[in-house]
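First comes the structure, then the notes that go with it.
Numbered from 1 within each chain, the chains take letters A, B, ... in sequence-line order. No hydrogens, no waters, no symmetry mates; every other heavy atom, side chains included, goes into these values. Remember, predicted model here, so these are calculated numbers, not experimental data.
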Protein chains: 2
Amino acid sequence: MATAAVNPDLARVRAQATFDPLQLTYFLYDGPEKTKRKRFLQNMATKEHKEQNFRRFAELSREEQYEEALRKTTYTHRRIAELGLKDQTDIFIFREVISPSEPNPFGLHEVMFVTTIEKQGTKEQREKWLPLAKRFGVIGTYAQTELGHGTFLRGLETTATYDPKTKEFVVNSPTVSAAKYWPGGLGKTANCCVVMAKLITNGQNYGMQSFLVQIRDFETHQPLPGVSVGDIGQKFGYGAMDNGFLILNNVRIPRENMLMRYAQVLEDGTFVSPKNDRLVYGSMTLIRSQIVGGCARSLAKAVTIATRYSAVRRQSEINTGQGEVQVLDFQTQQHRLFTQIASSYALTIAGRVSTTSYIKVNAQIESGNLDDMPILHALSAALKAFSSWEMMSGIEQCRLACGGHGYSLASGLPKIYVNEVPACTYEGENVVLCLQTARFLVKCYNAAEKGQQLPSMVSFLRTAKGGKSRLTEKLELDQIIAAYEHRAARQLEEANTRLQNYLNKGTKPADAWNSSSQSLVEAAVAFTHAFVVKAFIEKVTTSRLEPSLSAVLIQLCQLYALHGISSNAGQFLRGGYLSDEQLTLVENKTYELLAALRPNSVALVDAFDFPDLVLDSDLGRYDGNVYEALMEYARRSKLNQTEVHEGFYKYQKPFVESLKAQVAAQSRL
Amino acid sequence: MATAAVNPDLARVRAQATFDPLQLTYFLYDGPEKTKRKRFLQNMATKEHKEQNFRRFAELSREEQYEEALRKTTYTHRRIAELGLKDQTDIFIFREVISPSEPNPFGLHEVMFVTTIEKQGTKEQREKWLPLAKRFGVIGTYAQTELGHGTFLRGLETTATYDPKTKEFVVNSPTVSAAKYWPGGLGKTANCCVVMAKLITNGQNYGMQSFLVQIRDFETHQPLPGVSVGDIGQKFGYGAMDNGFLILNNVRIPRENMLMRYAQVLEDGTFVSPKNDRLVYGSMTLIRSQIVGGCARSLAKAVTIATRYSAVRRQSEINTGQGEVQVLDFQTQQHRLFTQIASSYALTIAGRVSTTSYIKVNAQIESGNLDDMPILHALSAALKAFSSWEMMSGIEQCRLACGGHGYSLASGLPKIYVNEVPACTYEGENVVLCLQTARFLVKCYNAAEKGQQLPSMVSFLRTAKGGKSRLTEKLELDQIIAAYEHRAARQLEEANTRLQNYLNKGTKPADAWNSSSQSLVEAAVAFTHAFVVKAFIEKVTTSRLEPSLSAVLIQLCQLYALHGISSNAGQFLRGGYLSDEQLTLVENKTYELLAALRPNSVALVDAFDFPDLVLDSDLGRYDGNVYEALMEYARRSKLNQTEVHEGFYKYQKPFVESLKAQVAAQSRL
């Protein structure tokens, strides 16, 4: 990729690989053709990024980030149109180089505003709004969350009251806590939103519906009368995004602005119920599956940075007097990094399996068969939670593995962290999602107890309980899967027993559920962990791969699975399922694998094939020339625009002089 | 504290406490007198903060933070002098209100520059430099870390070569990676540093020594010839701190600028060795003990914010139709928060025990008795690692517990996180520290195997192995301690066995150590965990407390210890030490404790007695009026200085118009 001389320590590890990383890149990106296409687009975007002299967010203030993001996003949209890119993957790849791990102020317009109109608008509404939206004449966002209300839809306070006289809805924020708060692009960018509000017509509350509310003038961009809108200030990350607030003071919109594909309000105010509102869940499931893939990719970026840097960085001796070693040689560093390499592969594969399932089930749903929807929903919920938690702790492990330099924005790691961790909270708070999955699992468990047939993905809940592990020192992959399934079944049994005990004591079902909820969350996590391990093993063992590559991926699978057993050993040991001796085998093998993977570590992260701009990291550079890059980063610091900072004259010098004068005065006394 | 009406949901939980939180505040701050003093200073500082109109870092750019920090720190120094504050606790308390969880650019001057001169300077050097330094005529920092080198002192590249002709040292950065990089205050503030450099005299390398190097003119503050110095750019946090780089191009300093209390270079260049360099370790141990207390306090702040907000926040129903409940009612939320409340108390007490031990041992050292230094050093090393890791994950749990709003800088949580997590890396990287502790433990273990007497703090390593836990459903505290000691001894035994196996196979000791290091780190953590649990239990059970308070603290102790057992269950179950049934007792009790602590949760965090300014959080306000505060925070966002952002005119409008023109052109075709 890079043409500059590569740091020799990094080059040496790269050369030690026992497999061809390009084959693994093909595996990750669906073959040579797609890889070629990917690289073509990435190279083009890299060239254009340089030509446009796009600025690095690590060096900008929050306000500059927003402005630069507008520049980037309008540029990208223009180029995507000029290049005629239609394929979502193509667009993603091009955009990722221009805006790596950065939100963009037009993002919600595309992902939520347009999609909501497409899904919930009538034919007339789609015909009216979509062409406008697609040329950004209307630019929108999706305003659901309120200052005082999030996940729980029925709690939202914004009202849309139908006035049959004028055939309008009056949209209103009745309290401080009713202000819309957080929607992306709302603060400064959007001129329109889908507002979720409580529909009131003929004096009755019909619950949440979607309304199109124009908030700014289409020409001047000034807020319209009755609209108070703005940015919500600095956040952990998301500097480029104008997350906003919106207070509506009895704003009137025409009746036609309620999205009426399902529920309707007739001219006289009569409410017409939707036929089936389960359909709405489909897109949520897709978004969650995509989040899983996104988490995997973010973790992959972080571990690419940390692994390459660990090959470059020399720090401390192992054998005294023999010179400082690459930090990659320390077992503790290998443990930190290689388990994260394994996680990033495991989550990549789990995300794909989940997306594939979505596509399959979605086709069934479109043809009216909703049977597999509950399991798909359950899986995507906990899998989103599991992968975002894994990513969150994994990125921080990678940052810590880079020592002090990991803390500099130049490392790229803080940006990845702060811009990706919202995945733990948005699109369903993780704990809430795990409990949704647990509810499904408990249902399955009780069905199984009654001898009913279970969907294949959860059938192990019926069979996996009890017994002893047959794991031997070969650490057979099928026995590893069996161990995870046993653990999941056992954790579910335990949570369910807890729940039943409360019910048997006469506790109200909702309170019994709440009192068992921590245990239920843990059961959902165990279930998901088993899914991920199984998906990883199955994918690796059933794909047609060169033996040299297959061997390494199987090692990675083993590391992922065995490390998961050690980290949760209690749940595997309980009931004597796994013996002490078996656990020792697991641990010994984990340490062996760390040493075995060391020569392949750089190749494993190289295979993700991230261009330097996507990593946006001075530590993760392909060429390993990190120190020069860090020094240049330092020199560009805004505080270095003058040799002597203004603050010296304003505060430091007067302070020092006043002390000097005091001393002089005292010595005169 | 606050006079405004308190949010009724928060007030209700506050009123449910079964103990008097003021008694707990006394316990935390050493009695009524010291509490009164603390509050007096905090109230004064709060008043002054408002009068001075100090700005909130959540609303400033990085450059503004630096400048505001200069204003704050010069103000604080002036006031401390005016008020005649001498006591370190008094100074800390006053300063914490003015600069909460914020580094200050003069920090290293006080903590490292002055202290190093005090400890390593000769009488003449102290007499020359300290008066100047104390009135900030010289303002310094401590420059050890280099771009390419950190922990490993011998790896540093900066050289100080003695020139007997001119009686000067020539200080030089020979390579890019030799640049000093990271020292706080170095970038723009300091005019002098203690530079750690390799001493070369008479052609021989005598290893690392400390040198005083002036880097900027004392009057003009311009960098001196041969000195290239500047800020290193934006970081994860530490916006207020000008961490800097320093490249020295053969800069000459007089011979008298080498700190010569121990090692010396005579006029003719003769090197004189120090008598005893172990003394240097003392201050490191103290700093690490103080970091433990700092971690406890940071976690306490985070959990105060999250707990109060969880009393205010209503979200989702438990029983359908009965309205949204306080999120504090969800067991999963209680699990998240109450375990962190317990941790913050546990670490607070562990930090104190460790500081007390330091003071005791330091007195011994001063009188020439170095016997207890190794154990103190070992304890402080792993304890610093343990507590900073606990804090790191704990703060993030608190942030996640606040949902979306936790992500806003208005919550205060991101600032606490980014400014406190460096504790995992500085003053000894955590993994490296754990391995230092492990080395000491292995030594003890082997001594014990030979039947030698062990220091009392580690004597359990000899006795705790094997057997079965006698824990009953009463969950006796002494049996809990025994369980932790057993686990620590077992983990050490396992790590040591691993190590011995390598040695027995003929592996070189250093490589054997490295190949066992992950296991050794885990042993050090288990040892430290046992120390923390024991310190917490002993403190709570031996202090004279009102029964109502004592009862709650014992619950908190139990929660801390039992949660630690569940989270590491594998290590307690192994070898059949704990039985499945005992583990079930542990888990059941944990869930019981969550429910039992709920009424006391707000009182437990109130007892930390943080003024609002110290929390610096719109979610953690004492009065619970969070939504009004968040809305005000949003309105103050810099992006709201104009209704229509400049970026609209620069990028968005031209983009939209170009698309409109295209559409018009196409429709004309």
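Separating the CD1 atom in Ile139(A) from the CZ atom in Phe655(B) is a distance of 8.0 Å, to the nearest 0.5 Å. Atom CD of residue Glu64(A) and atom OG of residue Ser61(B) lie 8.5 Å apart, to the nearest 0.5 angstrom.
Taking a 6.0 Å sphere around CD of Glu628(A), one finds it holds more than 12 heavy atoms contributed by other residues, nucleotides or ligands. Few gaps surround CD on Glu317(A); more than 12 heavy atoms of other groups in view lie less than 6.0 Å from it.
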Q: Determine, stepwise, if the pair Phe136(B) / Gln652(A) fulfils side-chain contact (heavy atoms from CB on, under 4.5 Å).
A: CA-CA 9 Å; Phe136(B) 297 91; Gln652(A) 190 170 339; over 6 Å; no
Q.
Pair Arg154(A), Thr320(B) - check side chain to side chain donor-acceptor pair (under 3.5 Å), show working.
A. CA-CA 11 Å; Arg154(A) 286 200 304 280; Thr320(B) 311; 5.3 Å; no
Q.
Go through it in stages, so that I can follow the logic: the residues are Asp242(B) and His645(A), the test is side-chain contact (heavy atoms from CB on, under 4.5 Å), and I'd like the CA-CA distance, side-chain angles, deciding distance and then a yes or no.
A. CA-CA 11 Å; Asp242(B) 55 325; His645(A) 190 267; over 6 Å; no
Q: Given side-chain contact (heavy atoms from CB on, under 4.5 Å), test Leu630(B) with Tyr181(A) step by step and report yes or no.
A: CA-CA 10 Å; Leu630(B) 282 174; Tyr181(A) 205 95; 3.7 Å; yes
Q: Kindly indicate, with the supporting measurements, whether the criterion side-chain contact (heavy atoms from CB on, under 4.5 Å) is fulfilled by Tyr66(B) and Leu639(A).
A: CA-CA 9 Å; Tyr66(B) 171 68; Leu639(A) 285 187; 4.1 Å; yes
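Residue Leu520(A): no heavy atom, backbone or side chain, is found under 4.5 Å from chain B. Only the side chain of Glu429(B) has a heavy atom closer than 4.5 Å to any heavy atom of chain A. The part of Glu522(B) that comes within reach of chain A is its side chain, from C-beta onward, which places non-hydrogen atoms under 4.5 angstrom from that chain. Tyr417(A) touches chain B through its side chain: at least one heavy atom from C-beta onward sits under 4.5 Å away, while N, CA, C and O do not. With a 4.5 angstrom heavy-atom cutoff, Arg574(B) touches chain A via backbone and side-chain atoms both. Residue contact with chain A, scored on non-hydrogen atoms closer than 4.5 Å, involves the backbone and the side chain of Glu219(B) alike. Contacts between Phe57(B) and chain A at a heavy-atom distance below 4.5 Å involve the backbone alone (N, CA, C, O). If you measure heavy-atom distances from Val312(B) to chain A, you find no contacts under 4.5 Å at all. Heavy-atom distances place no part of Leu413(B) under 4.5 Å from chain A, backbone and side chain included. Interface remark: Asn588(B) contributes backbone and side-chain atoms alike to the contact with chain A (heavy atom separation under 4.5 Å). Proximity to chain B (any heavy atom under 4.5 Å) is shown, for Val626(A), by neither the backbone nor the side chain. Within the 4.5 angstrom heavy-atom criterion, only backbone atoms of Leu60(A) (N, CA, C, O) approach chain B. In this structure, no portion of Thr175(B) lies under 4.5 Å from any heavy atom of chain A. Using a 4.5 Å cut-off between heavy atoms, Thr425(B) contacts chain A through its side chain alone, with no backbone atom that close. Contact of Ser516(B) with chain A is made through the backbone alone, with heavy-atom distances under 4.5 Å. Only the side chain of Lys650(B) comes within contact range of chain A, with at least one heavy atom under 4.5 Å from a heavy atom of that chain. Only the side chain of Glu324(B) comes within contact range of chain A, with at least one heavy atom under 4.5 Å from a heavy atom of that chain. For chain B, no part of Gln641(A) is nearby; none of its heavy atoms comes within less than 4.5 Å. In this structure, chain A has heavy atoms under 4.5 Å from both the backbone and the side chain of Lys660(B).
Proximity of Leu400(A) to Met392(B): side-chain heavy atoms (C-beta onward) are separated by under 4.5 Å at one or more points. At least one side-chain heavy atom of Val431(B) sits under 4.5 Å from a side-chain heavy atom of Arg336(A).
Residues Pro223(A) and Glu643(B) share a closest heavy-atom pair of CG-OE1, 3.1 Å. Across all non-hydrogen atoms, the minimal contact from Gly150(A) to Arg313(B) is N-NH2, 3.4 Å. Residues Thr220(A) and Val644(B) come closest through the heavy atom pair O-CG2, 3.8 Å.
Remark: side-chain polar atoms of Tyr651(A) are not paired, donor with acceptor, to backbone N or O of Lys72(B) under 3.5 angstrom. Proximity of a side-chain donor or acceptor of Lys188(B) to a complementary backbone N or O of Thr642(A) within less than 3.5 Å is detected. For the pair Gln331(B) (side chain) and Ser517(A) (backbone), a donor-acceptor distance under 3.5 Å is present. Judged by distance alone, with hydrogens and angles left aside, the side-chain atoms of Gln518(B) form no donor-acceptor pair with the main-chain N or O of Tyr591(A) at under 3.5 Å.
Of the listed residues (Val663(A), Ile232(A), Asn640(A), Leu70(A)), the greatest number of heavy-atom pairs within a distance under 4.5 Å of chain B belongs to Asn640(A). Residue with the most contacts toward chain B among Arg636(A), Gln662(A), Arg399(A): Arg399(A) (heavy-atom pairs, distance under 4.5 Å). Contact count against chain B (heavy-atom pairs under 4.5 Å) is highest for Asn319(A) among Val176(A), Leu659(A), Leu573(A), Asn319(A). Looking only at heavy-atom pairs under 4.5 Å with chain A, the residue among Gln334(B), Arg216(B), His335(B) that has the most is His335(B). Put simply, of Gln222(B), Glu396(B), Glu646(B), Glu494(B), the one with the most heavy-atom pairs under 4.5 Å next to chain A is Glu396(B). Residue with the most contacts toward chain B among Ala410(A), Ser393(A), Pro422(A), Gly244(A): Pro422(A) (heavy-atom pairs, distance under 4.5 Å). In terms of non-hydrogen atom pairs under 4.5 Å with chain B, the most contact-rich of His405(A), His77(A), Arg78(A) is His405(A). Of the listed residues Val521(B), Thr73(B), Val418(B), the one with more heavy-atom pairs under 4.5 angstrom with chain A than any other is Val418(B). Chain A forms the most heavy-atom pairs under 4.5 Å with one residue out of Phe572(B), Tyr238(B), Trp513(B), and that residue is Tyr238(B). Heavy-atom pairs under 4.5 Å with chain A peak, among Ser177(B), Ser515(B), Ala569(B), at Ser515(B). Each of Gly148(B), Ser658(B), Pro654(B), Gly403(B) has some count of heavy-atom pairs under 4.5 Å with chain A, and the biggest count is that of Gly148(B). Residue with the most contacts toward chain B among Glu657(A), Lys653(A), Arg62(A), Glu68(A): Arg62(A) (heavy-atom pairs, distance under 4.5 Å).
Between Phe236(A) and Tyr407(B), the angle of the ring planes goes over 60°, which puts this pair in the perpendicular group of the 30/60° scheme.
Annotation: ring pair (Phe, Tyr, Trp, His ring centres under 6.0 Å) contacts of Phe245(B) (sequence neighbours excluded): none. Residues passing the ring pair (Phe, Tyr, Trp, His ring centres under 6.0 Å) test with Phe330(A): none are found, sequence neighbours excluded.
His221(B) has its ring centre no less than 6.0 Å from the ring centre of Tyr649(A).
By the 4.0 Å N-to-carboxylate-O rule, Lys638(B) lies too far from Glu67(A) to be salt-bridged with it.
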